[in-house]
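Everything below concerns the one structure shown next.
If you read the sequence from its start, that first residue is 1, and numbering goes on from there. Counting starts at 1 for both ligands and their atoms, in listed order.
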Amino acid sequence: MSIQRSQSIYERAQAVIPGGVNSPVRGCRSVGADPVFVSQGDGASIWDVDGNRYLDLIGSWGPLILGHAHRDILDTIKEMLSMGTTFGAPTEVEVKFAETLREAVPSMEMVRAVSSGTEATMSALRLARGFTNRAKIIKADGGYHGHADCLLVAAGSGAATLGIPGSAGVPEGAARDTIVVPYNDLASVEMFCQGGDVAAMIIEPVAGNMGLVEPLPGYLEGLREITRKHGTLLIFDEVMTGFRVAYGGAQERYGVVPDLTTIGKIIGGGLPAAAFGGAAAIMQKLAPLGPVYQAGTLSGNPLAMAAGLKMMEILARPGTYDRLEHLGRRLGDGLLAAATAANVPAVMNRVGSMLTLFFTKGPVTNYETAKLADTNRFGAFFRGMRERGVFLPPSQFEAMFISLAHTDEDVDQIVAAARETLAA
Ligand SMILES: *Cc1c(COP(=O)(O)O)cnc(C)c1O
């Protein structure tokens with residue numbers, strides 16, 4: 001497989017873009033590879049500029065649950081496009097988007113749209129602090145909630161991969177009020193909430209940014225109980241899990257209702273959109289009604305709203321999540337069997353169509369146990385799979401995503417590639 005043209009673009013890229021990429025994990029550094037440059041996608045496949053085809057398990061890091069270039073989404077965008085691209089004045093499509101989102105996730109009684117998950121979590125935290133008049137927040141070790149200063153403390157995703165849990169440039173003051181607790185541990189949350197000065201706990205209800213880690217039975221229920229008891233708001237960061245682990249997100253799947261929800265990725269239909277929402281009494285503290293300021297020039301962008309609406313409409317069809325569960329199980333079981341056959345110690349963590357194969361004996365229940373994984377082995381696995389036409393997320397600490405465009409045959413082909421790679 002030649003990636004010559006990619007390599008020459010990469011050289012140009014490095015001269016004008018730091019690391020040659022616009023988001024760090026794409027750089028493929030932690031897996032000892034150079035990035036390939038993508039020219040197009042269709043269904044479950046992407047092509048690089050050298051004409052190589054890959055079965056894609058990144059799905060743009062989650063949004064593309066229908067696969068690439070889905071016809072109905074493209075048509076919807078084209079139709080809206082003919083009216084213009086942005087107005088900076090309210091449009092009806094934003095209202096429909098909020099109504100549809102509330103139907104799917106009833107705890108989001110009121111919704112505000114933004115353009116990225118980072119903005120959604122940052123705004124939700126400001127709102128939680130403004131509503132409670134408290135400063136402290138709790139997050140989980142290895143939990144990633146975008147790159148706002150106060151959240152870049154012991155963060156997962158790219159920060160985990162690059163080994164910069166804090167990030168330079170985050171002043172001590174911005175991180176001082178952030179308390180970090182281990183994922184799946186209730187005792188520490190209880191301990192810190194007791195002081196009565198914690199505004200909010202923000203949590204990925206299924207962790208996806210330290211690799212996939214499922215909440216242990218009783219964890220989310222316990223968080224709900226503890227936070228309620230101490231007047232702390234519970235924020236579910238469903239930027240990744242929203243419309244992924246169930247139509248109504250993790251809160252539907254696990255039956256635990258947060259005070260505020262942040263959501264992104266899938267709800268933009270492949271365009272930049274995200275949102276936060278929750279109880280009306282909290283959301284009404286936002287400007288222009290209340291004292292908590294939050295704004296955005298392109299917030300509620302009509303193209304993104306229309307694409308997101310169409311996405312929600314398609315996902316609401318019967319059978320969607322059964323199909324995703326089926327594909328996820330087939331892939332998860334197949335990858336684990338491939339590792340077992342090759343005598344490679346591995347753990348498969350999976351919730352629906354999100355999954356991570358950890359190269360460790362496991363179990364993996366938090367960031368500490370995730371970090372025991374053999375990242376060198378993962379790097380070799382990534383490179384071997386890419387060589388065989390399968391595009392994995394280039395980090396041990398990320399989840400793979402399967403889409404409705406994948407077929408059983410695609411999954412079998414991925415598993416066969418894994419058998420070859422792990423045997424090598
Ligand atoms: C991706 C992600 C974010 C950040 O979203 P961006 O759109 O990349 O800013 C926040 N929280 C979680 C759980 C995510 O997976």
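Contact annotation for Glu204 and ligand 1: only side-chain heavy atoms (C-beta onward) come within less than 4.0 Å of the ligand.
Among all protein heavy atoms, the one lying closest to atom 11 (N) of ligand 1 is Asp237 OD2, 2.7 Å. Nearest protein heavy-atom contact of atom 3 (C) of ligand 1 is Val239 CG1, 3.7 Å.
Near Ser116, meaning under 4.0 Å from any of its heavy atoms, are these atoms of ligand 1: 7 (O), 9 (O). Close approach to Tyr144 involves these atoms of ligand 1, each under 4.0 Å from a residue heavy atom: 11 (N), 12 (C), 13 (C). Residue contact check: Gly146 has heavy atoms under 4.0 Å from atoms 3 (C), 4 (C), 10 (C) of ligand 1. Residue His145 approaches ligand 1 through these ligand atoms, each under 4.0 Å from one of its heavy atoms: 10 (C), 11 (N). Under a 4.0 Å criterion applied to the non-hydrogen atoms of Gly117, ligand 1 contributes the atoms 4 (C), 5 (O), 6 (P), 7 (O), 9 (O).
In summary, of the residues considered (Thr132, Thr232, Thr227), a side-chain contact (heavy atoms from CB on, under 4.5 Å) with Val198 occurs for Thr232 alone. For the side chain to side chain donor-acceptor pair (under 3.5 Å) criterion with Thr262, the lone passing option out of Thr118, Asp237, Thr121 is Asp237.
Inside a 4.0 Å radius of atom 8 (O) of ligand 1 there is not any protein heavy atom.
Taking all heavy atoms of Lys265, Glu398, Met240 into account, the minimum distance to atom 14 (C) of ligand 1 is reached by Lys265. When Thr118, Ile263, Asn209 are ranked by how near their heavy atoms come to atom 4 (C) of ligand 1, first place goes to Thr118.
With 3.5 Å as the limit, one finds no donor-acceptor pair spanning the side chains of Ser45 and Asp42. A donor atom on one side chain and an acceptor atom on the other are found under 3.5 Å apart for Glu94 and Thr91. In the model, Glu214 has a side-chain atom that pairs as donor or acceptor with a side-chain atom of Tyr254 under 3.5 Å. Between the side chains of His230 and Glu190, at least one donor-acceptor pair of N or O atoms lies under 3.5 Å. In this structure, a donor-acceptor pair under 3.5 Å is absent between the side chains of Asp141 and Tyr183.
Proximity of Ile314 to Lys310: side-chain heavy atoms (C-beta onward) are separated by under 4.5 Å at one or more points.
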